[in-house]
Amino acid sequence: MPKTQIGIGYRSAIDQKVNGTLDQPTAWLAAGGSQGSVNLVLNLPDVVTVGLRQGIGDRFTLLAGVEWTNWSRIGTTAVNLPNGSPALLRAGTPFTFPFQYTDGWFYSLGGEYTLNPAWTVRAGIAFEKSPIPDDKRTVRIPDNDRWWYSVGATYKPANMRGLSFDAGYSFVDVKNAPICISGSSANTAVCAANPWAGSQSYVGSVNSYINIVSVSMRYQWDADVSAPAKQRYTNR
């Protein structure tokens, strides 16, 4: 269709090696635990993004986007000794981080409206599906599904060719995140299934929200004052 722009982006996965030191209580070491230098490999996700700009009339532009993040590839991360053998906790249990996330999804919809040659305003809403299910959530990363509400504007001074100023604000409302980690005294199916469960229990919930404020100044060296400047849209 006229005034249609479609963009597709891909960011590759990264296998990140992390080195550190494992220190455990003396009683755990006596029961078969490891100590000293350790390392692990985090299989971080690849990301695919698709964005759409559709001009409607002379002033309004519809914006939409979807993003998929391959968090399921992180799986369970094993902690190893320098010789490649697994690091052990007490009783000879292998030391692992059982992330076991699902894939993440982000959906956005918004619009831009050109008030005049100097001012453009925009607003949008988005939903982000968390990759952390209830039975894998911990107090370290108490993430959950969230809604994004965003507004912004661009100002282009008429007497300063190629220069523009952008400002934006986003409020992120994160869904209440229940946390249920339990060992021997599991009291719900979620607690019993949580792979992070140890000898202690933790039951609670997390309420959170995020405020994001951004400002920027941009200069286009080859700006043509006789042509309408292109607007740039990002879904985050």
Side-chain angles (χ1 to χ4, degrees), residues 1-14 42-74 99-115 119-156 164-179 205-218 229-236:
M1 295 175 60
K3 300 182 180 180
T4 300
Q5 297 180 43
I6 298 175
I8 300 176
Y10 176 75
R11 188 179 69 191
S12 65
I14 299 174
L42 288 173
N43 298 319
L44 299 180
D46 47 339
V47 181
V48 177
T49 305
V50 179
L52 167 70
R53 290 178 58 90
Q54 177 61 58
I56 301 175
D58 296 330
R59 294 180 176 237
F60 182 73
T61 302
L62 176 69
L63 309 169
V66 61
E67 182 175 275
W68 168 76
T69 306
N70 188 19
W71 276 113
S72 59
R73 81 181 297 268
I74 194 171
F99 294 110
Q100 299 179 18
Y101 295 164
T102 61
D103 291 342
W105 289 90
F106 185 88
Y107 309 92
S108 61
L109 181 67
E112 287 184 344
Y113 186 76
T114 302
L115 297 175
W119 285 97
T120 299
V121 295
R122 60 186 59 86
I125 187 172
F127 174 74
E128 185 171 7
K129 178 66 176 175
S130 172
I132 304 178
D134 288 345
D135 61 347
K136 305 297 189 298
R137 188 178 297 113
T138 72
V139 293
R140 294 183 180 91
I141 309 178
D143 189 58
N144 208 348
D145 300 344
R146 59 191 65 189
W147 285 95
W148 294 61
Y149 307 94
S150 303
V151 294
T154 297
Y155 173 62
K156 301 177 181 178
S164 62
F165 299 89
D166 296 280
Y169 169 72
S170 293
F171 176 77
V172 185
D173 184 17
V174 184
K175 182 180 177 182
N176 179 64
I179 298 175
S205 63
V206 176
N207 295 308
S208 56
Y209 61 88
I210 304 166
N211 291 286
I212 302 173
V213 178
S214 61
V215 293
S216 67
M217 180 179 70
R218 181 176 51 188
K230 293 182 179 179
Q231 301 292 328
R232 180 175 180 268
Y233 167 67
T234 58
N235 65 353
R236 296 253 186 177

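Side-chain atoms of E112 do not come within 3.5 Å of backbone N or O of R59 as any donor-acceptor pair. Proximity of a side-chain donor or acceptor of R146 to a complementary backbone N or O of S130 within less than 3.5 Å is not detected.
Residues Y101 and D143 are not in side-chain contact: their nearest non-hydrogen atoms beyond the backbone lie 4.5 Å or more apart. Within the 4.5 Å cutoff, side-chain heavy atoms of L42 are placed close to those of F99. At least one side-chain heavy atom of R73 sits under 4.5 Å from a side-chain heavy atom of D46. Under the 4.5 Å side-chain criterion, counting only non-hydrogen atoms from C-beta, V174 is not in contact with Y209.
Here the rule is side chain to side chain contact (heavy atoms under 4.5 Å, CB included) with W68, and of V50, V48, V47 only V48 fits it.
Minimum heavy-atom separation, R137 to I179: CD-CG1, 3.9 Å. For the pair F60 and L62, the tightest heavy-atom approach, listed with the atom from each and the gap, is CE2-N, 3.9 Å. Listed here is the closest heavy atom pair of A153 and R122: C-NH1, 3.5 Å. P133 and P131 get closest at one heavy-atom pair: CD-O, 3.2 Å. In plain terms, the two heavy atoms of N144 and A177 that are nearest each other are ND2-CA, 3.6 Å. Summarising the geometry of Y10 relative to A13, their closest heavy-atom pair is OH-N, 4.3 Å, with the distance given to 0.1 Å.
We find the CG-CD1 distance between L52 and I8 to be 11.0 Å, quoted to the nearest 0.5 Å. How far CD of Q100 is from CH2 of W71: 14.5 Å, rounded to the nearest 0.5 Å. To the nearest 0.5 Å, atom CD of residue Q5 and atom CG of residue L63 are 10.0 Å apart. If you take CZ on F165 and OG on S216, they are separated by 9.5 Å, rounding to the nearest 0.5 Å. Taking CH2 from W148 and CD1 from I212, the interatomic distance works out to 4.0 Å, rounded to the nearest 0.5 Å. In this structure, CG on D166 lies 3.5 Å from OG1 on T154, to the nearest 0.5 angstrom.
With sequence neighbours excluded, no residue forms a salt bridge (charged side-chain N to carboxylate O under 4.0 Å, His left out) with K175. A search for side chain to side chain contact (heavy atoms under 4.5 Å, CB included) contacts involving N207 returns N176, not counting sequence neighbours. Not counting sequence neighbours, the partners of S72 by the side chain to side chain contact (heavy atoms under 4.5 Å, CB included) test are N70, D103.
In this pair, Y107 and F127 present their aromatic rings parallel. The plane angle is below 30°, not in the 30 to 60° band.
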Query raised in the report: Are K3 and D58 close enough, and set up right, to give a side chain to side chain contact (heavy atoms under 4.5 Å, CB included), and what steps lead you there?
Result: CA-CA 10 Å; K3 300 182 180 180; D58 296 330; 3.9 Å; yes
